[in-house]
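One structure below.
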Amino acid sequence: MEALLRVTDTLKSIRETRLSGLRSPSEFFDYHRVSKPADFNQATSRISYNTRYFSGNYGLIVALLAVYAVLTNYLLLISIAFLVFGFAAINRFAPDATQFGEHTITQKHLYTGLFVIGIPLLWLSSPIATIFWLIGASGVLILGHASFMEPGIESDYATIQETV
């Protein structure tokens, strides 16, 4: 029950901090504001402004791409689940040493067995390639959106407020 309360509190804090910065889909996908930047300087200024302005939306995009990457890589999903549930099972069901005949099995032995099986399984699931795919896909989507989306009227007022 206590773990459920911690998860609920964590989700509330994420919603209050990260999801409060989400812009509406009509604003994020406003095709009237899409235009090709005139030069590299304009693209850079658009990226600088839009990454701050749409940071919540971009964070959501990265999270959705990460979930997609894990769900489409079944071996990675299985290896992560094996390690997570293995840790949980060892902590919950084997806090003390267990005697099997002449052998005593401790938590340390169980963790070693979990790592001997789980780490090679995780390595075979190519997590590094998945991380690089996530970085590349997120970068293309975020930088593409940020450079082609014209800043709104509020961007002109943001520079005035910063100088005051």
Practice problem: Under the side-chain contact (heavy atoms from CB on, under 4.5 Å) rule, collect the residues that match up with S24, sequence neighbours excluded. | Solution: S26, E27

Quiz item: What is the distance from atom OH of Y49 to atom CD1 of I47, rounded to the nearest 0.5 Å?
Solution: 15.0 Å

Quiz prompt | Same apolar cluster: F54 and V34, side chain cutoff 4.5 Å | solution = yes

Table please: side-chain donor-acceptor pairs of residues 127-149 below 3.5 Å, with sequence neighbours left out.
from	atom 1	to	atom 2	distance (Å)
T130	OG1	N73	ND2	3.4
T130	OG1	S126	O	3.1
S138	OG	L134	O	2.7
H145	ND1	Y58	OH	2.6
H145	NE2	F28	O	2.9
S147	OG	L143	O	2.9
S147	OG	G144	O	3.3

Quiz item: For the residue pair Y74 and L71, what are the closest heavy atoms and their distance?
Solution: CE2-O, 3.5 Å

Quiz item: How far apart are the closest heavy atoms of R46 and P151, and which atoms are they?
Solution: CG-CD, 3.9 Å

Quiz item: Would a distance-only check, ignoring hydrogens and angles, find a side-chain to backbone donor-acceptor pair under 3.5 Å from Q99 to G101?
Solution: yes

Self-check item: Shared hydrophobic cluster, L76 / L65 (ILVMFWY, side-chain heavy atoms < 4.5 Å)
Solution: no

Self-check item: Cluster check V116, L110: I/L/V/M/F/W/Y, side chain < 4.5 angstrom
Solution: no

Quiz item: Where the side chain of N57 meets the backbone of R23, is there a donor-acceptor pair that is under 3.5 Å apart?
Solution: yes

Practice problem: Rounded to the nearest 0.5 Å, what's the gap from CG on L83 to CD1 on I117? Could you check? | Solution: 10.0 Å

Quiz prompt | Value rounded to 0.5 Å, distance of CG in D96 from CD1 in I105 | solution = 13.5 Å

Quiz item: Nearest 0.5 Å, what's the CZ-OG distance between F82 and S125?
Solution: 12.5 Å

Exercise. Indicate, with yes or no, if L114 and F100 share a hydrophobic cluster defined by side-chain heavy-atom contacts under 4.5 Å among Ile, Leu, Val, Met, Phe, Trp and Tyr.
Key: yes

Practice problem: With the side chain counted from C-beta on, respond yes when L75 and L121 share a heavy-atom pair under 4.5 Å apart, and no when they do not. | Solution: yes

Practice problem: Answer with yes or no whether the hydrophobic clustering places L77 together with L64; edges join I, L, V, M, F, W, Y residues whose side-chain heavy atoms lie under 4.5 Å apart. | Solution: no

Practice problem: Output the distance between atom CD1 (I80) and atom CD1 (I78), rounded to the nearest 0.5 Å. | Solution: 11.0 Å

Quiz item: Distance from I90 atom CD1 to H109 atom NE2, nearest 0.5 Å?
Solution: 12.0 Å

